[in-house]
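Everything on this sheet refers to the single structure shown next.
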2 protein chains.
Amino acid sequence: MSKVKLDEIDHQILDMLIDNTRTPFTDIAKKLLISAGTVHVRVKKMEESGIIKGSSLTLDYVKLGYSFIAYVGIFLEKTHQTKFVLERLSQIPYVTVAHITTGKFNIFCKIRAKDTTHAKNIIFKIDDIDGISRTETMISLEESINDKKRLMHTIFNEL
Amino acid sequence: MSKVKLDEIDHQILDMLIDNTRTPFTDIAKKLLISAGTVHVRVKKMEESGIIKGSSLTLDYVKLGYSFIAYVGIFLEKTHQTKFVLERLSQIPYVTVAHITTGKFNIFCKIRAKDTTHAKNIIFKIDDIDGISRTETMISLEESINDKKRLMHTIFNEL
DNA sequence: GGTGAAACTTCTAATAA
DNA sequence: TTATTAGAAGTTTCACC
């Protein structure tokens with residue numbers, strides 16, 4: 001769980017792979033003036049140490065028919081029900097993110113749905129979970145920023 | 001921007017690549033009993049049509065020293081300031097997501113920070129943006145669910 | 001649309017430095 | 001740790017279904 005030491009080379013490798021996981025190691029090697037074998041070894045190490053947890057495609061959800069996003073704040077009857085409620089939430093695939101939070105809500109989650117009708121069904125399903133006293137929904141009218149890469153590039157240039 | 005038609009083969013290709021973007025096309029071909037060339041052509045088409053927007057690594061933020069997550073609800077003085085405020089937010093790399101929302105807040109964003117001190121600085125910077133009257137912060141104590149892949153697998157099995 | 005094979009590129013592991 | 005190298009593996013194109 002602790003922090004892992006990465007040097008400048010590692011950062012630059014990640015910086016290139018962040019934008020395109022299929023960037024050939026030979027290209028990375030050329031740019032960083034090291035051998036492809038070294039890139040390979042370093043990537044493998046970062047995978048083993050858990051820094052690199054995996055890779056994923058960025059898909060266009062709208063084109064897949066899922067254009068609805070909402071955030072749902074959850075109020076629990078008792079906080080000791082948190083674990084149970086989270087387990088139930090994780091059984092709903094349309095709940096893509098959930099956090100235990102301080103502040104207004106006890107749990108805070110994000111849902112992706114096809115449309116308002118679909119979203120309504122999902123929210124009703126959430127409302128039905130035992131231990132939840134009330135929910136508050138914020139509907140996204142527009143996802144204006146969604147950019148983890150910007151943060152990553154910032155982190156990798158912090159050295 | 002409209003929906004794109006994908007057949008069962010496309011879905012299965014995406015379903016495999018979602019979990020590992022470096023899954024060899026030869027492996028996918030073997031599993032789906034088609035040729036590697038076909039996989040290649042189909043992936044290329046999905047890239048061209050915009051269904052596949054890109055690929056990215058999933059990194060362990062905690063190991064990178066960024067263990068703090070908070071959601072910040074923003075109240076604007078006037079809604080016509082939305083665009084300006086979003087532009088300012090997008091200049092802060094620690095703001096990784098922002099939505100225009102209905103409900104309690106006008107804008108809703110997510111921040112990633114190193115620690116509470118760092119987060120405080122970011123939130124102060126947000127508070128300072130012209131047009132923002134007030135913000136409300138929810139600190140994540142634990143990110144319990146973060147799983148787009150589950151949704152994707154559900155979508156790809158809907159046919 | 002798809003295939004299969006050829007040509008080309010990349011990966012990977014072993015060896016050596 | 002890193003570089004080199006060579007064989008294995010993967011990608012990509014294209015003539016032909």
Side-chain angles (χ1 to χ4, degrees), chain A residues 2-60 63-65 149 152 155-159, chain B residues 1-60 63-65 149 152-153 155-159:
Chain A
S2 57
K3 273 180 75 167
V4 173
K5 283 178 249 118
L6 299 179
D7 64 12
E8 179 62 18
I9 303 278
D10 290 324
H11 277 186
Q12 296 212 252
I13 292 171
L14 290 177
D15 205 44
M16 293 187 74
L17 286 176
I18 275 283
D19 285 325
N20 176 9
T21 56
R22 282 190 178 256
T23 308
F25 290 180
T26 46
D27 285 7
I28 297 174
K30 230 174 282 168
K31 192 153 183 181
L32 304 185
L33 306 174
I34 55 179
S35 75
T38 302
V39 176
H40 177 240
V41 169
R42 279 169 175 265
V43 169
K44 207 166 181 186
K45 263 184 201 159
M46 290 193 279
E47 283 170 349
E48 278 160 7
S49 74
I51 276 278
I52 298 177
K53 291 205 269 186
S55 61
S56 193
L57 293 182
T58 309
L59 301 179
D60 190 320
K63 286 189 175 138
L64 288 167
K149 293 182 183 179
M152 285 300 137
I155 294 177
F156 299 143
N157 288 315
E158 264 175 3
L159 262 190
Chain B
M1 282 300 137
S2 56
K3 274 181 76 169
V4 173
K5 281 178 250 117
L6 299 178
D7 64 10
E8 179 62 17
I9 303 279
D10 291 324
H11 276 185
Q12 295 212 251
I13 291 171
L14 289 176
D15 205 45
M16 292 187 76
L17 286 175
I18 275 282
D19 286 326
N20 175 9
T21 56
R22 282 192 177 253
T23 307
F25 292 177
T26 46
D27 283 8
I28 297 174
K30 229 174 284 168
K31 192 155 183 180
L32 303 185
L33 306 174
I34 55 181
S35 75
T38 301
V39 176
H40 177 241
V41 170
R42 279 169 174 266
V43 169
K44 208 168 181 183
K45 264 186 200 157
M46 290 192 279
E47 282 170 350
E48 278 159 8
S49 73
I51 276 276
I52 297 178
K53 291 206 269 189
S55 61
S56 193
L57 293 181
T58 309
L59 301 178
D60 189 320
K63 286 189 175 140
L64 287 167
K149 293 181 183 180
M152 284 301 137
H153 292 310
I155 294 178
F156 300 143
N157 288 315
E158 265 174 4
L159 264 188

**OP:** Indicate for each nucleotide in nucleotides 1-17 of chain C, in 5' to 3' sequence, whether protein heavy atoms under 4.0 Å reach the base (B), only the sugar-phosphate (S), or nothing (-).
**Re:** SSB------SSSS----
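If you check the side chains of T21(B) and S55(A), you find a donor sitting under 3.5 Å from an acceptor. There is no side-chain donor-acceptor pair under 3.5 Å between H11(A) and N157(A).
Judged by distance alone, the side chain of D10(A) and the main-chain N or O of D7(A) form a donor-acceptor pair under 3.5 Å.
Residues forming a side chain to side chain donor-acceptor pair (under 3.5 Å) with S56(A) (at least two apart in sequence, or on another chain): none. Applying the side chain to side chain donor-acceptor pair (under 3.5 Å) test to D27(A) and every residue at least two apart in sequence or in another chain returns nothing.
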